[in-house]
Structures are given as structure tokens and as C-alpha cells.
Undergrad: 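One structure coming up, written as C-alpha cells, with questions to follow.
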Amino acid sequence: MKIIKSVVLVSGLVFFNACSPQAEMPVQVSAPMADTSAMLAVSTSAGIMDSAASGTVPGSTAQEAIMAVAEAMGGVERIRTVRNITMLGYGHRAYQNGGGNITALPDAPQKYIQANDLRRIYDLENGRYYQQERNNDLFPFAIYRGHDFALQRQILDGSLDGDVAYNLSETGVASRRSEAEVRDLRMWMYTNPLLAVRAALDSDDKVSNRREEGGLTLVDITLDEGDMLTLAIRPPTNLPAWISWIGPDQNLGEVTYKTHYSGFVPYDGVYLPLGYNSKLDWRNVEYLKMWIDGYYIDSDIQDLSAPESVLAQEIPEGFDPASLEIEAVARGVWRITGGTMVIEFADHITLYEAGGGLDRVRAVVALARTIVPQKPITEIIVSHHHFDHTRGLRQAVAEGLTVISRRTNGVIFEEMMSRSAPTFPDDLERSGEALEFIPVDDSMVLEDESMRVELYHTINNNHTADNLFAYIPEHKMIIEADVATAAEDLQWWGDSWLDNIAYRGLDVEINVPVHMQVMTYDEVINMVNPGIERVKDWCAEHEASGNFFAGCPAFLR
């Protein structure tokens, strides 16, 4: 198939002194206002009414709307005098931003990553931000790291001449992050509604475009750096309903994040939400859900300034094409660093896999064209839809390559390729190329007088139901992704590789994987079998302690 891109001011509020490390938690009292946490609100879009909204936000200008929401959240002066906020809670993140489910279909159940020990520190005095989580996959994953609740810390220092972002490892090692990550952290900082409102209060020039949508009042807020947020205000409480912003996305071109708020309660004179639900404008994915236990206002916080060791580091650049190397595997077959295979036919070249990002795939295609320069690269086989394996697919389509994959994967590929990216244009947006897709059901053969490649649907793989592996009879070679080689640690679907060989009646001597090095048949077996035993031991250990872990008992022989 061919797919073408196409305030009434809130009165009578009773504020209690806040929760701080030295103070008791605030007592919640009745007040003559509507608590939005008691109402079920429908996400607004054109033509859909917010079920909790009633009446209108006072005034007629964007500035008057901001004054109304500021008064509802505790008053203009109180908001302006807040020095810092510490938020504590827990959350769930959508695995691979919603692109890591068992199939590519929109109704596949969402996999989530647990985010415990969730903290956010907003240093308003110095323009700094800290986010912390301990993550654990709520599904069986192949790496111990997915289940170790390792400490994840990212920090933004906006007090310098040029913002600096850095990660802080569990052992305290600081590493500087890219300019794109600086912006990403900044935008997440402003999803705290108090920070967005305070930014809007700083200058009338920052707020504009007041409008009504679904019973809510919307205004646009332009940050000092030029980025824009949209704030939705819900009458009659005049509290924030949601904030949205646009960000680039390697798989989807660009996405709109919309963070919905619920359960506003008072903390030391300011109203803040106990629920944050950030969704994408793709499939309405619940990207990040946060349940807040409470806030400390103006407490003693750690110094979030970027250390000298970070400032001395180079700002990370994009993908380095010089990191790519070509490995000759067999006659007419090469492997490029990072797991893209190059297969030579009589009059063209076929690639296998498009992961690693847009810049990597651009460099991979350029390098692959040098292997047999007289033959054009015409198509790419994509093993499965997971976003780590399709993170460069938009670039492959921009290069004019036809995509071959399981028929069901075509559903998500159509969505990915048809999304426009006017704010953050990539090569696909600029090229106007359309997706050319060849679906595979159970099997397909690509063959000419020079090469025969057999494509097979992967069976018995509970990591992804729509995987496609390749077999080259001449070399007795399997080319695969996430069948035997997702990772070595825990082989939750460790029977899959041998089951597919037996099911298809294949004679295999060599395995060429996306994620690991080229292996012989025996090397794969010697890697997989201990991983199967580690899964069984993992389950036994957790069950003995009363922790019935996802995936246990394991579906393994």
C-alpha cells in the first residue's frame, strides 16, 4: 500500500501553613469552592466539553485570565514570593513512549515502567530544576537494570549564561547533556502549573491568544527562551486544567504533550495538584502519570548548580558517523555497527533494521551506499515496531526506501510516517516522501539470481508478537532482532530461537543479531541457556519472598 502524508476570584479560601520539613502536613478544610478532584473531567479538544467546567473565566484578555488563575492558586503576591517547591510521589511511564507494546495495534495493552521515589525540586530563585525517579519495568525485561530501581537523576541549571543540563549517577558522577535535553528538562519544569503561571506574571508580553475551547479558557505563554506553552483554565474554580507543549520525536516527527491536573489542595498558601497525567497527541498515550504525596514549600533544598566538572565537559553533539564500521559477514552480507545489515542482490541492496535514531540511519544509508556503489539501496526490512528498532524509520522513508515488515506493523508505520513536524522538521517533513510498504503475513521470499532471503514471522516470543526474522539458506544464516539477543541477562523468551528453527525446519550455523555480535549456533545456545536458568532462579527467589513478579512463573521449558 502507498500512504500519502497528508477569575472570578475565588473567595473564602482558607489556607493553612504548609507542609515543610519542620511543619505538620496541612489540614484540609471545607471551603466555598468546587474541588476539581471531585469531578470527572473530559480531556478537551475541539467540540468536546470539559464536564467540570461551568461559567467563564473573568475578563476578556489573556493577561486577565492569568490574573484569575494566579488568584485561584493563592494570589499574585504569594506566587511571586515562593522560593522553591519540593514534590514527592510516585508514577508510571509508558514503555518506549507507547511504542513498546506486544503488537503495533492501537488497542494493545500499554506496558508501563514504575517510577518510585519520585521527586521534583523547583528552585524558583535560581531557575534550577531537579527530577529523580527509581524505575522498574512492570513486565519481564531482558536486563537486570530494568528491575533494579536504579536512581535516575537529571538536573537543569538555568542560572548561567546558557542553560546547562546534566545527569547525576547513583555514585555521584555528573555528565553533561545535550542542548535538546536542556530544552526537554525546561519544558517539564514548566509543567508544574505554578511555574508556568509565575512565568506568565513576569511580563504581559509573554501571554497571548486568549480563546475558549470546550468550556475552558486557553492562553499561550511564551518563555524567555522562545518556547511556547498553552495553559487551559477551568471555571468556576479558575484553576489550571492542563498545560500543553510541542517537542521533537524521533519516531513520530513531533508530539504535543498535554499534562492534565487534578486534586488541587493548599500548601502554605498556594494550591497545587495531587495528580499529573501527561498524554501524547498520538493514540492518547498516557506518557507519564504522577500521583503526588505532598509538597514542601520554601524548605532547605540542595544546591542544584552545575559543578565545575560538568561545565568543563563538552556539550554532547549528535550521532558521529565516524563511529560506524562495516563488518563483512558472508558473501553479499555485511553488518554495520549498531545492528543494520546490508544484503546484496543482483541489481539492488536491501537493509535490515532502522533503529538508533534519525542521524544514525542517515549515516548508515550513506555508508551502505559505498559498499556496492553501483547498486541502489531500494528497501529495508524492519523486524518489529518497537520504538528502539524504528527510531530511524522516518529517515529511511525520507531516503526513498520501501519498508518490508509484518502486516500489522504497517498500522503503526502509517501513523508514524504520516505525522507532520512543522515545528521541528526532520528530513521526512522536508522531503515530502510517502511510505511505500510491503506487508508480510506468515512468510515471504526475496530472491533473484544472486541472493535468496526468506522472511518468517517469529513464533513463541512474548516480547513482541509481530517480529520478522530473515534466513539466508546459502549461508545457513539467521538475521534477527530480540529473538535470542535482546540481552544476555534474563532470557524470558529464551526458547524462541530454537522453536523458530524447528518450526521452519531451518539448518542454522550462524546468527547475525541487531543487538549483539555475530555468533555461531553453539555460541547462541551457550548464551541463551544460562539466561533461561537465571530467569527460573529469579522467579524462585522472588516467589520465596512473597513477591509475585510479572512474568513469573516463566513460560519456559
Side-chain angles (χ1 to χ4, degrees), residues 96 99 250-251 318-345 348-373 375-406 409 413 416-417 426-428 433 435-438 440 446 451 453-456 458 464 466-472 475 477-487 510-519:
Q96 294 193 9
Q250 298 268 310
N251 296 85
F319 181 82
D320 181 9
S323 66
L324 297 177
E325 296 181 355
I326 301 170
E327 176 186 3
V329 180
R331 186 199 70 82
V333 181
W334 298 265
R335 184 182 187 275
I336 295 179
T337 308
T340 297
M341 272 51 79
V342 180
I343 306 169
E344 180 185 3
F345 287 83
H348 70 279
I349 299 292
T350 297
L351 303 182
Y352 181 100
E353 212 65 325
L358 303 176
D359 291 343
R360 177 188 174 272
V361 169
R362 184 187 302 110
V364 162
V365 172
L367 183 60
R369 285 177 173 145
T370 69
I371 297 175
V372 189
K375 296 182 181 181
I377 301 174
T378 60
E379 58 197 9
I380 186 165
I381 302 162
V382 179
S383 65
H384 61 296
H385 75 282
H386 284 178
F387 273 9
D388 59 329
H389 290 262
T390 58
R391 201 162 177 260
L393 188 57
R394 283 177 64 94
Q395 184 63 37
V397 172
E399 300 279 353
L401 305 188
T402 296
V403 178
I404 303 171
S405 193
R406 284 273 294 166
N409 294 334
F413 294 168
M416 293 165 62
M417 301 309 114
D426 56 11
D427 283 357
L428 182 60
E433 289 283 350
L435 172 64
E436 296 280 358
F437 182 73
I438 298 175
V440 180
L446 307 176
M451 178 65 69
V453 177
E454 301 170 4
L455 303 178
Y456 293 110
T458 306
T464 172
D466 287 305
N467 201 320
L468 194 67
F469 73 92
Y471 177 69
I472 302 179
H475 303 312
M477 174 192 295
I478 281 180
I479 300 174
E480 55 89 9
D482 291 3
V483 181
T485 55
I510 188 169
N511 190 71
V512 183
V514 168
H515 288 310
M516 295 185 183
Q517 73 278 6
V518 177
M519 300 179 180

Undergrad: For Gly339 and Glu353, which heavy atoms make the closest approach, and how far apart are they?
TA: O-CB, 3.6 Å
Undergrad: Which heavy atom in Arg331 sits nearest to a heavy atom in His475, and how many Å separate them?
TA: O-NE2, 2.8 Å
Undergrad: Regarding Arg360 and Thr340, do their side chains bring together a donor and an acceptor under 3.5 Å, going by distance alone?
TA: yes
Undergrad: Which atoms form the tightest heavy-atom contact between Ser383 and His389, and what is the distance?
TA: OG-ND1, 3.8 Å
Undergrad: With the side chain counted from C-beta on, respond yes when Ile377 and Arg369 share a heavy-atom pair under 4.5 Å apart, and no when they do not.
TA: yes
Undergrad: Main chain of Val514, side chain of Arg335: is a donor-acceptor contact present, judged purely on distance under 3.5 Å?
TA: yes
Undergrad: Between Ala354 and Val361, which heavy-atom pair has the shortest distance, and what is it?
TA: O-CG2, 3.7 Å
Undergrad: Using side chain to side chain contact (heavy atoms under 4.5 Å, CB included), reason through Ile478 and Ile510 one step at a time and then give a plain yes or no.
TA: CA-CA 6 Å; Ile478 281 180; Ile510 188 169; over 6 Å; no
Undergrad: If every non-hydrogen atom of Phe469 is compared with every non-hydrogen atom of Glu480, which pair is closest and at what distance?
TA: CB-CB, 4.1 Å
Undergrad: Show, in sequence, the C-alpha distance, side-chain angles and deciding distance for Leu468 and Tyr456, and conclude whether the side chain to side chain contact (heavy atoms under 4.5 Å, CB included) test is met.
TA: CA-CA 6 Å; Leu468 194 67; Tyr456 293 110; 5.7 Å; no
Undergrad: Run the side chain to side chain contact (heavy atoms under 4.5 Å, CB included) check on Leu455 and Val453 step by step: do they pass?
TA: CA-CA 6 Å; Leu455 303 178; Val453 177; 3.9 Å; yes
Undergrad: Under the side-chain contact (heavy atoms from CB on, under 4.5 Å) test, which residues partner Gln250, sequence neighbours left out?
TA: Leu358, Arg391
Undergrad: Between Asn409 and His384, is a side-chain hydrogen bond (donor to acceptor under 3.5 Å, both in side chains) present by the stated rule, with each step listed?
TA: CA-CA 7 Å; Asn409 294 334; His384 61 296; over 6 Å; no
Undergrad: List the atom of Leu446, the atom of Phe345, and the distance in Å for their closest heavy-atom pair.
TA: O-CE2, 3.6 Å
Undergrad: Side chains of Ile349 and Thr378, heavy atoms from C-beta outward: is any pair under 4.5 Å?
TA: no
Undergrad: Yes or no on salt bridge (Lys or Arg N to Asp or Glu O under 4.0 Å) for Arg394 and Asp427, after CA distance, side-chain angles and deciding distance?
TA: CA-CA 8 Å; Arg394 283 177 64 94; Asp427 283 357; over 6 Å; no
